[in-house]
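Read the structure below first, then the notes.
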There are 2 protein chains.
Amino acid sequence: MKETITIKTLAKELNISISTVSKALNDSYEISIETKQKVWDLAKMLKYNRNPSASNLRSHKTKTIAVIIPEIANNFFSQAINGIEEVARQRGYHVLIYQTHENTDQEIAFTDSLLSGRVDGILISVSSDHDNRDHFTALVKEIPTVFFDRVYEDIDAARITTDDYESAYNATSYLVECGCKKIAYLFALNNLNAGKQRMSGYQDALKAHQLAYREELTVNYDKDADLNYQNIKDLMLNERPDAVISSIEDLALPCYYVCKELGIHIPDDLKIISFSNLNTAPLLNPSLTTITQPALEMGRQAAAILFKILDKKHFEPNEWLTLKSTLIKRDSTACH
Amino acid sequence: MKETITIKTLAKELNISISTVSKALNDSYEISIETKQKVWDLAKMLKYNRNPSASNLRSHKTKTIAVIIPEIANNFFSQAINGIEEVARQRGYHVLIYQTHENTDQEIAFTDSLLSGRVDGILISVSSDHDNRDHFTALVKEIPTVFFDRVYEDIDAARITTDDYESAYNATSYLVECGCKKIAYLFALNNLNAGKQRMSGYQDALKAHQLAYREELTVNYDKDADLNYQNIKDLMLNERPDAVISSIEDLALPCYYVCKELGIHIPDDLKIISFSNLNTAPLLNPSLTTITQPALEMGRQAAAILFKILDKKHFEPNEWLTLKSTLIKRDSTACH
DNA sequence: TTTATTTACGAAAACGTTTGAGTTGATTGC
DNA sequence: GCAATCAACTCAAACGTTTTCGTAAATAAA
């Protein structure tokens, strides 16, 4: 515990005023280059570090952003955070992480607690358990916010998504072209636009190929993993689809297990495509055809947009960005 | 932009002093229960949020911890963060994330910047590229720090690791019992204790079974993924081991690809075990035998230790905790 | 009754910065 | 040569809390 060194220390040492030191450290035009240099040198020598609390309190700038996501132990989100952290780092910003575990109450608690000036802005991928748009409608008026991947369409804020509709449409079409006639859909994120878009893409593609949409071919995601497993198993036993599109990774993997248990051979008996950012997709048995979102790039872009907003304080028309996912064809959809 | 509401607002509204409000909000024994209740009610009604900067500045408590890791988009670390975030949440703490990308300079920059009172404590898993122990020896005297998984042995600080030596020893022994005679080792983290321990476990197990340790059977990890691939390929072509132990996930996966390319059949021609937290290990082709670290639990425990230190300010003898990894046998080591 | 003690509160000084409004001496325009 | 401008710096008031010390009234001890 050595005595902490402050701008006061520097001022005393150099025989100049506190304000001169402060302005020198902030590279103000009011200070001569010689004085600045002296201050900088001494600061480095004494390993001076600006006290962030004092600075924030006075200036209302925190150099900190918050990232709110459903789950960190998830390939998509951890890659997105990677991208966010990267650009935050370049700007000297700090990154706070909050997990909602798909709980809107938690989500509300987090955002509320961030309104007291702890952060300059928020990056968020919303929870899927309840519709929370009223809360966010109010939030975005209070603090610069960028939504990524999981967004509300009708909120007046910046957002970045992927082409969910097209991806699902194309994936479904691809399966049809492979000769599949009975394509099941593993449905998740149904409260969110992303989920609805994916479902629409699937439905419209069916229609475009003269195939009927049947609700019995749909499994709805549940928080209970065992239940998901059972539901998929029931689907396989009762309907025996010849293909499956999964709207999230967490439903595709149990599907693999079910097939293993029931002796259903992929891709001969059943073809599988999943929205997924698994880096081991090529190594699965069989390798999994995926619709892969540009997670890292989304993180980067989302952060970039937030900083753009923070730079010019006046709220401009909000940016709406859509990135393309890529369909990577692998063995789980191999045609003969 | 409504006018921000502070304790001053509350004080004026209730006709009591600022200090009374502050004390009431902090549940001080100096304030009567009636007054407290009035303050709390009004605070809730007006959605008062304590300004963290002002609070930190005065009290020197930030309710924030920092997590410094090599990479967030990594199964082990993202699970560990999950655990950390969980217990931080319970305590009402905020979590800052920093990625070093295995760069010690970055690591030094981060920790230095945290010394200005931005956080109450640090959780860190150190970078592997250079030996940085001198820096950390100084750091731990300045701020409560807990090392997890990647630690320096000789630094006087709390730490939590897994039983790397025993895990590697047991895994090697298991391979020998399966009849393997030529067991290669994919070596990583060689600057770190974890890496050395794993290597020692491998070597000692060989010795215990009258097998010679041969350096030609070792591949050293490189940052360049292509080079790793090539080195593993060379190993397979030149030495043709009948088993491989990989000290990290990132070397096991290229190994799978090499085998695919060279037509080496796992597990008949080559058995593979890897330290790994891949959740798709059971679905790989073939499913991968892993030494799996309790990542989530490590995160939880590491955070728990840090909070224990923060609670009782006096630095007690530091806790050294070791958790057990589990060897999960799957098809990549199937014996006949 | 008088003197301690306790209870509940208030005044004011921090905490370390930033910032707008001076101040000073030197330079410029005319 | 005098006012006006400018460059470089200082003063002091904030920012919103926490906390120490002080004090008045109420209660207990004597």
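Throughout, protein chains are lettered first and strands after them, A, B, ... in sequence-line order, and every chain is numbered starting at 1. Worth knowing before you read on, the calculation uses all heavy atoms, side chains too, and leaves out hydrogens, waters and symmetry mates.
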Of A/Leu57 and B/Asn15, the one whose closest DNA chain C nucleotide lies more 5':
B/Asn15

Side-chain H-bond candidate by donor/acceptor type, B/Asp129 with B/Thr104, under 3.5 Å:
yes

Does either side chain, that of B/Glu107 or that of B/Ser127, offer a donor lying less than 3.5 Å from an acceptor on the other one?
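Note: B/Glu107 and B/Ser127 side chains miss the donor-acceptor criterion.
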
Contact residues, residues 22-32 of chain A to DNA chain D [heavy atom, < 4.0 Å]:
A/Lys23, A/Glu30, A/Ile31, A/Ser32

So, using side chain to side chain contact (heavy atoms under 4.5 Å, CB included) as the criterion, who are the partners of [X] when residues are at least two apart?
{"X": "A/Trp320", "value": "A/Arg159, A/Asn318"}
{"X": "A/Thr64", "value": "A/Thr62, A/His94, A/Leu96, A/Val119, B/Leu96, B/Arg118"}
{"X": "B/Ser19", "value": "B/Ser17"}
{"X": "B/Ser78", "value": "A/Ala73, A/Ser78"}

Is a side-chain N or O of B/Asn49 found less than 3.5 angstrom from the main chain of A/Ser113, in a donor-acceptor match?
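Judged by distance alone, no pair lies under 3.5 Å.
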
Would you find a donor on one side and an acceptor on the other, under 3.5 Å apart, between the side chain of B/Asn191 and the backbone of B/Asp131?
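Not confirmed, B/Asn191 side chain does not pair with B/Asp131 backbone.
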
Please name all residues satisfying salt bridge (charged side-chain N to carboxylate O under 4.0 Å, His left out) with A/Glu153, sequence neighbours left out, ordered by chain then number.
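None.
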
Listing request: all ring-ring contact (aromatic ring centres under 6.0 Å, His included) pairs with a residue in residues 104-133 of chain A, at least two apart in sequence or in separate chains.
A/Tyr98-A/Phe110

Scan for ring-ring contact (aromatic ring centres under 6.0 Å, His included) pairs involving residues 54-85 of chain A, sequence neighbours excluded, and state none if there are none.
none

For B/Ile33 and C/dA8, give me the distance from atom CD1 to atom P, rounded to whole Å.
10 Å

Whole angstrom value for the distance that separates C1' of C/dT19 from CD1 of A/Ile7:
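Atom CD1 in A/Ile7 sits about 12 Å away from atom C1' in C/dT19.
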
Exercise answer: donor-acceptor pairs, residues 5-13 of chain B side-chain atoms, under 3.5 Å, sequence neighbours excluded:
| from | atom 1 | to | atom 2 | distance (Å) |
| --- | --- | --- | --- | --- |
| B/Thr6 | OG1 | B/Lys8 | N | 3.0 |
| B/Thr9 | OG1 | B/Thr6 | N | 2.9 |
| B/Thr9 | OG1 | B/Thr6 | O | 3.1 |

With a 4.0 angstrom cut-off to heavy atoms of chain A, pull out the first and last contacting nucleotide of DNA chain D, in 5'-to-3' order.
D/dA8 to D/dG16

Five pairs per end, C1' atoms only: what is the angle between the end axes of the helix from C/dT1-D/dA30 to C/dC30-D/dG1, to 10 degrees?
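Here the helix ends are tilted 40° relative to one another.
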
Using only modelled atom types and a 3.5 angstrom limit, is any donor from either the side chain of A/Arg58 or the base of C/dT17 paired with an acceptor on the other?
no

Contact list please: residues 37-48 of chain A against DNA chain C, heavy atoms, distance less than 4.0 Å, in numerical order.
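A/Tyr48 - these, ordered by number, are the residues of the stretch whose heavy atoms sit under 4.0 Å from the strand.
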
Crowded around B/Lys47 NZ? As in, over 12 foreign heavy atoms under 6.0 Å?
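No, not enclosed.
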
Ignoring backbone atoms, establish whether A/Ser55 has a side-chain N or O less than 4.0 Å from OP1 or OP2 of C/dT17.
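For A/Ser55, the contact criterion (side-chain N or O under 4.0 Å from OP1 or OP2 of C/dT17) is not met.
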
C/dC9 phosphate, OP1 or OP2, under 4.0 Å from B/Thr35 side-chain N/O
yes

Would you kindly compare B/Ser19 and B/Ser53 by the position of their nearest DNA chain D nucleotide and give the one closer to the 5′ end?
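Closest to the 5' end, via its nearest nucleotide, is B/Ser53.
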
